[in-house]
Structure formats: C-alpha cells, structure tokens
Amino acid sequence: MEVDVLKKVPVSEQDPQVRATNFDEVNLGYTKEEAMAEATRCLNCKNARCITGCPVNINIPAFIAKVKDGDVSGAYDVISASSSLPAVCGRVCPQETQCEAQCIRGIKGEAVSIGRLERFVADTAKDMGIKPQLPADMVKKGKKVAIIGAGPSGLTCAGDLAKLGYDVTIFEALHKAGGVLVYGIPEFRLPKEKVVAKEVENIKALGVNIVTDAVIGRALTIDDLFEKEGFSAVFIGSGAGLPRFMNIPGEQSLGVFSANEYLTRSNLMGAFSEKSRTPIMRAKKAVIVGGGNVAMDAARTAKRLGAEVHVVYRRSEAELPARAEEVHHAKEEGIIFDLLTNPVEILADENGWVTGCKCIRMELGEPDASGRRSPVEVPGSEFTIDCDAVIMSLGTSPNPLIKTTTAGLETNKRGGIIVNESEMTTRDGVFAGGDAVTGAATVILAMGAGKSAAKGIDEYLSKQD
Amino acid sequence: MFEIVAKKQLGTNVWYMEVVAPLVAGKAMPGQFLIVRVDDEGERIPLTVCDYDREKGLVTIVFATVGAETERMSRLNVGDHFADVVGPLGRPSDLTETPIEELKKKKILFIAGGVGTAPVYNQLKWLHDNGVEVDCIQGARTKDLLILEDEMKAVTKNLYFATDDGSYGIHGNVCVALQQLWDDGIRYDHCVVIGPVIMMKFACQLTKKLGIPTVISMNTIMVDGTGMCSACRLLVGGQVKFACVDGPEFDGWEVDFDQAMQRSRLYKTEEGRLMLELQEGDTHHGGCGVCS
C-alpha cells in the first residue's frame, strides 16, 4: 500500500446521507493493511513527545512499532499496560489536542493517526479474543477498595488497582456500567454492545466486582463503606450532575430538554430503537443550544431521529469547544450552524408546547478571562427560529449527592470535590477524580485522574502496613 | 434480579407488591422513592416507597396501571423478578428529621389521594412507631378506589374518608372534608398532602387560606432519578428545582402546580400520545401516578 508521508492514511466512513438516518458507527476503522501502512509514518522518536501529550502516558511509539510488524497482540500489551479502555479512547479522545498535537510529523504534514491505530489495535485484539492480563508477579494485597461510579475514571482506577492486587468493587447507580460511555456518547460514535460492554467485561476479567443499581450516598454512605463494608479506601468517580439551563423565559415549556435527558433517553434507555419502551420526542425541527461535544452528540441524535437541526452558539466557529472532527461530521450530515446567535426566549403555544426559539445576533468583543473573545448582543437583531424542540447543552455542575451525605468532604465554589496531588479529598482515605472534581471534561482526562488516584490509593494503603 | 415475594390487588387497577431489594430496604425512609425496571427493554419507573422491612430486605410498592409499562408490571407474579430496583432516592421527609418531642406537640394532618395513599402510609407508620399520633383524610373518586383502609386505620388517630360520589365517608373531595373539619373547630398546624397534582393544587389553596403550612410530594417524569437528566424539574417559589434530588417533597404553597401538570403531559397530550402511539405501539408509559 502506497503511503504519502505527509498525510494520514484515510479511514473509511459511512456515507453522510446514509448515516444521518441510522445509529451505526460513522467511522469504520482501519483494516490491518491500512493500519500497518499508517504505522510506517511513525518516526519512532527517541524523545517521544506524543507520550507526554497522552493523559495516561501510553508508550505510543512502542505500540506503533508492533503494529508496523503486524503484531497486534504485542501492541495491545503495550497499550493495556497504560490504558484500561483503549477501544474507547481510540474513538473519543481529542487526539488532535493531545498525543497527535505533539507529533513531529505534524510540523510539516499531518500527525500520525495515533487514535485510529489505537482503535485498530483494541478492536482487533478483541476480535482475536485477547484480554488484559493480571501481572504474573502480582501479589494479593488483601485489602478492599470501593469505587463509586462505573464511568471512565472509576473503571480505570478499578483496573489499575486490580492489577496491583487489591480487591475492588465498583458501585454504579444506574442499571448499566459505563457512565457517560453508556448514557452520554451516542451509539454512532461509541457502540455500546460491541465496544463499551466488552471493555467493561475486560475490567471484570481482572477480578473487579461491579454492583449496579447501588446509589452511594443513599443506599450506602461513604461511612458505611468504611465502617460496615470493610473497605480501606474509597474512590469517588460519580461524574457530572445537574444540567445547566439559561434561565430565560419559556424554558419550562414542553419540548425543552437538557442534552443529558435527551441523550440518556436515546443512549442508556435505547429510545432510538423501536424495541425500547422509553419515550423520546422525535422533533420535526430542533434547536440545540451550545457548541461542545455534547451539543454535537445531541444534534446528530436529533438528526437521526428525523429532525431538521440547528445548532445555536453564541460565539463563532473558531471558538466552538467541540472537536473539529465532530463539527465536520455534523456538517456533513446536514446540521445547520447558527453561529454568533444566542437564545433569549423560548416561545410556546397555549398548551405549553414549544413553537420557536427567539434569538439575538451576537458579535465578538474583547477577550474575557478565558482568553476567548466574549460575545456581545447586537441591539435590535432579534429573530425567531421556528422549532418544536430546544435542547440545552450548556454543561453540568458536579453531582451533589455524595457531597451532601458525606461529612468532611470539601468542595470548591463550583461544587467540584477538592483533591490534593494524590487525588485524595479532604477526607482521609477518600479519593476522587473525573467530572466530580473538574466539572464537565473529557473521557481521557477522567481516565487520567482515575489512574493517578489508583497510584495515590496504593501509596496511601502501602503506608498503612 | 429482584424477586417479587408478595402480590395483591388493592383495587380495580391498583397493585401491591413486596420485592426483595436489600440495598433499598436498608436505608429507605418515609418520603423517599425508588425506581424499578421490568426487564432490559423496560422504562425506569419511579415509585414512592410504601413500606420497608430492613431485616428481611423487603420493600413494598403500590402502583396503579396507568400505561403500558405499569400494565406490564402488574402482570408479574410472585416468584418473578424485576430487572432493577434502585434506591432509596430523593430526600427523606422533613418530619423524619424533626425531633420527636417537637412532632408530638404538633397537630399534624395528612391528606392522601388515590395511590398517593401508599407514600402517606409510610409516613404515618413511621410517626405511629415513634409515638406521634396524627390525623388523615383519605380521598378517592369512589369507595372501590380507597386502598389500604385497615393499614391506614392502624396508624392514624382519626382517619376520615372522602369520596367524590359520596359512596363512603364524607361526600365530596378532600378539600370539602378539610373545610368540614375546620368548620367543626378542628385545628391543625402542619399538613402533608400527597396525591394527584390537581388534588394537591386545590388542597394547598385551601391550606393557605386556612394558614396551615403544607408539604407536598411530587411524582414527576424522571429518567435516572439521581440528579443527572433534569426531566423532573419544576418551579418552586419561581426557582427551578429537581424533584429527584431537591425533593420529592416541597413547600406546597410555593409549587407551580399548573406548570407541573403541563409538564406531566409531555408524553401524553393528544399530540404526544398520538406521536408515541405511532412510534411505540402500546408502550406509552405510566408510572408518574397522575396519568389517567
């Protein structure tokens, strides 16, 4: 296979017009031939900057070298030494701002497609029946660690602790393990059975026990975990919480949803499928408010459920917080971007059903504290987008449930749990990571925190001996 | 899996079940709710806890068949299992966090309507077990719809019945009954109302007029029930609140009931119903407790 060293080997995708009507995965992944060809583009740098760009520090040149030789099993061993969820990361990590942003190839051309290669390795290893292994020299520690939440941070922390010899139990509030990987990210980006369920199985194969339908803070408190259940340390990875709204008139109307609700209905409850008994509104014309990855997920879901979709965002395209690839995919699928536009009121009929979204044009002013130019309203520029659904995708604040039921657990003014450099909270033996600490962020950052917490927990418990 | 160990029919379309759910039974308090799912395709259905047995690890639920999903629940029998039972969710009733001595000094009235009787029973039983004697008005359209009569009698000082058609107890709704008690000179200084939203609305209008501070419990549309989706949002004193984490109990004088009733129609107004019937056949959900 011929390779242009300046360009990534292209990957097959479902045709935009076809995929906009189904929930199958958009990106079809590399074949072995394509992966081995792409792997030849890696310069195998001695001072590999890509590794420093990876929140879980995968030895990227080492695994790519194995791919080049066609040794998928070897490549998988390298990746799984650092990452518990490679099939997930290969799909949803923002590689362009992490590992690939550091790639030397990127100076003169396109970076090596590390994400696609990671996904290829994880998927192929799964097809070959390869599972992550406990280290041969592992010694059982005889200590129990409780993990709250089976999302990216919790699964990562659990996997790492199991490899270190701890007896790990994950308590998950929902009926399915995976956290945002099952309730938030849609099927067409991250298949649930084929990918997420398999990654969860891999964590279980390391000996991790997962208890679903268990709400910590209610069914059991953190004090119960220590005092009654015999756990020696606890990791809180309870994730994001209450969705934010704009506090504009009409927001309580019928047809206004948080992206969390809309996506949870479609993803976790499977409402996009006829088989599911959970209802979801199939809008004719939907306005999605916000410009992040979650907004793109909501927009592309609404599109697939039959709506004409408008993304309304108050800044310009350059400031869209979503990954460029997501924006690109959304546009290909026919989603309309109304940029420099902000809703001011949601209009409804006499029965309370949404009939439109009144917006105002914005222009960019001076840079604000975040360094982004802050949008200001253009007086007199109001106009109305007719629609029957408005989906608010403005981020979330951390889930308050555990904080309010755990004495001595301090949070910052935004509700995030305060942790030190070992990810330990203000409660001895209680660690935390992911969105519960940072507020809404990415899967890989949560995994990085879970990994760092596993190290912190190991050090903490080792000192106790 | 969560086994059903007892089942009985309380009325034409009202069912009682005891289910093995040790994590819920271990911590449940009056005022809290749980979520059940029939099977892997099932919707998450929130239900208030009617009773619990910590030692046996059992919870009692009472529900009316108001849609396809509750209909499917009613077809489960002793020995069958729910795929999921999760809880307790929501905040316990404020009464359970008030010193008992203080409660004993109060004249407390409960008003229960329809399947709202189940969560009221849980609170009455807790108060009774703690030596607090209270009164209750139990209302229904007609005698056949009054549930848990013997159980309610056992845990109240005075239990009054009110039926719209006069087939049992006071002829009239719960407001007529409360006004009658008031006119007879009976006074209360705290009221808890649980039932259909329309009943809670009018009961709160009356208690406000009479000056009796009132707490109500909302059974809204929900998905996760843990503070993640905001489907359960409502306006309380002009502020957006989430029934699942801020409630389900709220100050009855402050709740915007009209808006809550409107929101409860999200998946069942004519348009919504038709749309859902088209898309989902007979699977339009119930479980909110207010669908008719």
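From a predicted model like this one, the values you see are computed outputs, not experimental measurements. Side chains included, hydrogens not; waters and symmetry mates left out as well; all remaining heavy atoms used.
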I need the minimum non-hydrogen distance between [X] and [Y], along with the two atoms involved.
| X | Y | value |
| --- | --- | --- |
| B/Leu266 | A/Trp353 | O-CH2, 3.1 Å |
| A/Pro279 | B/Glu43 | CD-OE2, 3.4 Å |
| A/Ala240 | B/Met228 | O-CG, 4.4 Å |
| B/Pro92 | A/Arg218 | CD-NH1, 4.1 Å |

Item checked: B/Gln239, CD atom: more than 12 neighbouring heavy atoms under 6.0 Å -> no
Note to self: Does atom NZ (B/Lys56) have a neighbourhood of more than 12 heavy atoms from anything else shown, all under 6.0 Å?
What the structure shows: no
Check: From B/Arg91 CZ over to A/Leu401 CG, what is the distance, rounded to the nearest 0.5 angstrom?
Finding: 12.0 Å
Item checked: Pairwise distance OG1(A/Thr278) to CZ(B/Arg37) - rounded to 0.5 angstrom -> 8.0 Å
Note to self: Tell me which one of B/Glu71, B/Glu69, B/Glu41 satisfies salt bridge (Lys or Arg N to Asp or Glu O under 4.0 Å) with A/Arg277.
What the structure shows: B/Glu69
Checklist line | Engaged part of B/Ile35 at the chain A interface, taking heavy atoms whose separation is under 4.5 Å | finding: neither
Against chain B, work out which of [options] has the most heavy-atom pairs shorter than 4.5 Å and name it.
| options | answer |
| --- | --- |
| A/Thr404, A/Asp213, A/Asp224, A/Leu220 | A/Asp213 |
| A/Arg265, A/His175, A/Met269, A/Met392 | A/His175 |
| A/Pro243, A/Gly217, A/Ala214, A/Gly270 | A/Pro243 |
| A/Asn247, A/Thr212, A/Val256 | A/Val256 |

Checklist line | Contact residues of residues 15-30 of chain B (partner chain A; heavy-atom separation under 4.5 angstrom) | finding: B/Leu23, B/Lys27
Partner chain A: residue of [options] with the largest heavy-atom pair count (under 4.5 Å):
| options | result |
| --- | --- |
| B/Gln32, B/Arg72, B/Gln259 | B/Arg72 |
| B/Gly90, B/Gly87, B/Cys244 | B/Gly90 |
| B/Leu235, B/Val245, B/Val240 | B/Leu235 |
| B/Asp256, B/Thr226, B/Val86 | B/Val86 |
| B/Val38, B/Val223, B/Asp224, B/Asp40 | B/Val223 |

Need one label for [X]: side chain, backbone, both or neither, based on atoms under 4.5 Å from any heavy atom in chain B.
| X | result |
| --- | --- |
| A/Tyr262 | neither |
| A/Thr396 | neither |
| A/Thr405 | neither |

